[in-house]
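Just the heavy atoms: all of them, side chains too, but no hydrogens, waters or symmetry mates, feed the values below. Start at 1 and go down the list; that is how both ligands and their atoms are numbered.
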Amino acid sequence: MIAVLKHGSTKADEKKVIKLIEAEGFTAHPDTGAETTIVGVVGAAPDKKINLKEKLQVMSVVEKVVVISDPYKLTSWNFKQDKTVIDLGDGVKVGGDELTIMAGPCSVENKEQILETARIVKAAGAKILRGGAFKPRTSPYSFQGLGEEGLMLLAEARAETGLKVITELMDIAHIDVVCKYADIIQIGARNMQNYALLKEIGKLDKPVMLKRGMAATIKEWLLAAEYVMNEGNHNVILCERGVRTFGEETRNTMDLSSIPLVQQLSHLPVIADPSHGTGRWELVIPVARAAAAVGADGIMVEVHPHPKNALSDGPQSLKPANFRLLMDELDAITTSLKTFKVREKKIAYK
Ligand code: PEP
Ligand code: MN
């Protein structure tokens, strides 16, 4: 449920409300908007809920109490009035007015490869460098990533180019080392429902990008985000990366409809990953264009200076020249989208 405070309520009023909520054994999540303050209530004590509702309702500072029956709480628009914007510093934001581009190789392979790619994607306008150092590979005999050495190379690329860094975390045991180097932690599709990992990430003060599981429903995906947010970390980004269907011609089926759907349900930013979504470089540009057009908050693409030699995901990696082409096309699309303010707010089409 949420308690909507009266117009003009003060911080002290908010504190009183929070105190009551906590005294009843629930967790309070205040959200101050331009007009009103709302205090979201979550907790697994359903028998105590009616009692709390009555106590809140009679408080003079409370305008009304609304019971939310949706399974989504902290991720939903009911609990937050403005869109979530993740501020990574140096003017780099996810969820803001700009389409944020994350680009780089699937895996960090060596110093030359990551530095060359970082320079290329930076020059073309990307703001965030991607690259896996801990890789979830289908086969145990495939390249597993460079581990901490890969993270150090990402940090070197950041120091040279100013790009922010996103990299995957697969294991609770690697939290400290990944946090030391990453600006955003990526939780991959295979770990979307690794609840122990999600809870640990939730205790961190570090942005996290949660990729949709390859067979996950929207509900499961948003509830996975709830796991992170419920522990206190509200800096969550979602990433649509395609789901498994019966088709054999593409690696996954890019579910473009999930992007506006999730944006209508949730205030969290949504990134599109057409590289894993299609598995084929020649489909990445058209699907990225489409993702921008449906209002994605950003695009993540795999770029490799020499895709044929890539140690992972070469077939879906863009060559530098094609990445530059994509960036020009995305520019044209986002310029025309600005007229409609597609990503700015919860859009209610009537
Ligand atoms: C990746 O981004 O390289 C990756 C492994 O993605 P996913 O978890 O979506 O398969
Ligand atoms: Mn990959």
Q186-ligand 1 polar pair, N/O distance under 3.5 Å: yes

protein heavy-atom neighbour closest to atom 9 (O) of ligand 1 works out as R241 NE, 2.6 Å

Is the ring centre of F134 less than 6.0 Å from the ring centre of H174? yes

Ligand 1 to G188, heavy atom cutoff 4.0 Å, flagged ligand atoms 8 (O)

Taking atom types as modelled and ignoring hydrogens, do the side chains of Q263 and D297 form a donor-acceptor contact shorter than 3.5 angstrom? yes

Note: E226-K73 ion pair, threshold 4.0 Å (strictly below): no

Between M214 and ligand 1, which residue portion shows a heavy-atom distance shorter than 4.0 Å: side chain, backbone, both, or neither? neither

Under 4.0 Å between a Lys/Arg side-chain N and an Asp/Glu carboxylate O for R212 and E240? yes

Between the side chains of Y181 and E148, does any donor sit under 3.5 Å from an acceptor? yes

Partner of D183 by salt bridge (Lys or Arg N to Asp or Glu O under 4.0 Å), out of K206, R130, R158: R158

N or O contact, H276 vs ligand 1, cut-off under 3.5 Å: yes

Where's the contact between M300 and ligand 1, heavy-atom distance under 4.0 Å: side chain, backbone, both or neither? neither

Taking NZ, NE, NH1 and NH2 as the nitrogens, is one of them in E24 or K48 under 4.0 Å from a carboxylate oxygen of the other? no

Ignoring angles and geometry beyond distance, decide whether A189 reaches within less than 3.5 Å of ligand 1 through its nitrogen or oxygen atoms. yes

Are Q81 and H267 linked by a side-chain donor-acceptor pair shorter than 3.5 Å? no

In plain terms, say whether K164 and D90 are close enough for a salt bridge, that is, a side-chain N and a carboxylate O under 4.0 Å apart. yes

Carboxylate-amine/guanidinium proximity below 4.0 Å for E98 and K127: no

Can you find an N or O of D313 that's nearer than 3.5 Å to an N or O of ligand 1? no

Atoms of ligand 1 under 4.0 Å from any heavy atom of R190, numbered from 1 in the order shown, are 7 (P), 8 (O), 10 (O)

Cluster question for you: counting only ILVMFWY and a side-chain heavy-atom cut-off of under 4.5 Å, with indirect links fine, are I2 and L268 together? yes

Geometric N/O contact E168 with ligand 1, under 3.5 angstrom: no

Pull up every protein N/O/S atom sitting under 2.8 Å from the Mn ion (ligand 2), skipping waters. C106 SG, H276 NE2, E302 OE2, D313 OD2

Any C106 heavy atom less than 4.0 Å from ligand 1: yes

Of all protein heavy atoms, the one nearest atom 6 (O) of ligand 1 is K211 NZ, 2.9 Å

For the backbone of S107 and the side chain of Q113, can you confirm whether one donor and one acceptor N or O come within less than 3.5 Å of each other? yes

With a 4.0 Å cut-off on heavy atoms, is E302 touching ligand 1? yes

